[in-house]
Amino acid sequence: MTPDFTTCDFCDTHKNNTDGTFRVLPPVFKDYGKRLKFAGRAVTIKCFEDNSLVKAALDTPGEGRVLVVDGGASLRRALVGGNLGAAGAKNGWAGIVVDGCVRDSAELALCDLGIRALALMPLPTEKRNEGQRDVVVQIQGVTVRPGDWLYADEDGIVVSATALT
Ligand SMILES: O=C([O-])CC(=O)C(=O)O
């Protein structure tokens, strides 16, 4: 089911927010998944050119949440590919937002969840089991905390400390 919201309406309502509870991600993310519009609470991962924790998360039930991956904006390795995308969809994740790269674009386009990332990169990571989960991350300089609400549609991606209606 497509969620019923628009990021533009949220921005109209919250554009004067000054306490940082409403945040807008920079418009640098491209869309690679089957769902353009998705929303859910954030689960965060911070990692660098190692997707061990991303795989571990997507292999567990997503319960409608969004996996937010602070990959340090690396353009050198792909943190999500076709297998991980398919696992995320099968396990009920609403979406994946990667401050970094993904690969297997043809397969990702068939995955029934949202996938946003900076770019495509065919090189995979080396899995060294390094990284952190459930920490405060910076996505393109914007803070995302575990449990924040993330809303993505054709116009952009916004993050809020509370559920938006
Ligand atoms: O396993 C990886 O590193 C990413 C990948 O290629 C996939 O998800 O298919």
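Side chains are part of it too, since the values below use all heavy atoms of this structure and drop only hydrogens, waters and symmetry mates. Read the numbers this way: they start at 1 and go in the same order the structure lists the ligands and their atoms.
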- Message: When you compare ligand 1 with P124, is there at least one nitrogen or oxygen pair between them that comes in under 3.5 angstrom?
- Response: no
- Identify the protein heavy atom lying closest to atom 6 (O) of ligand 1, giving its residue, its atom name and the separation to 0.1 Å. R103 NH2, 2.7 Å
- Query: Among protein heavy atoms, which sits nearest to atom 9 (O) of ligand 1, and what does the distance come to when rounded to 0.1 Å?
  - Reply: N83 N, 2.8 Å
- Message: Below 4.0 Å, non-hydrogen atoms only: which portion of E107 touches ligand 1? Side chain, backbone, both or neither.
- Response: neither
- Item | Whether R77 side chain and S74 backbone form a donor-acceptor pair below 3.5 Å | no
- Note on the structure: Quick note on ligand 1: atoms under 4.0 Å from a heavy atom of L84 include exactly 1 (O), 7 (C), 8 (O)
- Shortest protein heavy-atom distance from atom 5 (C) of ligand 1, along with the residue and atom involved: G81 CA, 3.5 Å
- Message: Please check this pair: side chain of D99 against backbone of Q140, looking for a donor-acceptor N/O pair closer than 3.5 Å.
- Response: yes
- Message: Between R116 and L36 (side chain of the first, backbone of the second, donor and acceptor by atom type, cut-off under 3.5 Å), is there such a pair?
- Response: yes
- Message: At under 4.0 Å between heavy atoms, is it the side chain or the backbone of N51 that contacts ligand 1, or both, or neither?
- Response: side chain
- Does K127 come within less than 4.0 Å of ligand 1, judged by its heavy atoms? yes
- Does W149 reach the main-chain N or O of V158 with its side chain, forming a donor-acceptor pair under 3.5 Å? no
- Any idea how F10 and Y151 line up, ring-wise: parallel (<30°), tilted (30 to 60°), or perpendicular (>60°)? perpendicular
- Task: Give a yes or no answer on whether the side chain of N17 reaches the backbone of H14 with a donor-acceptor pair at less than 3.5 Å.
- Result: no
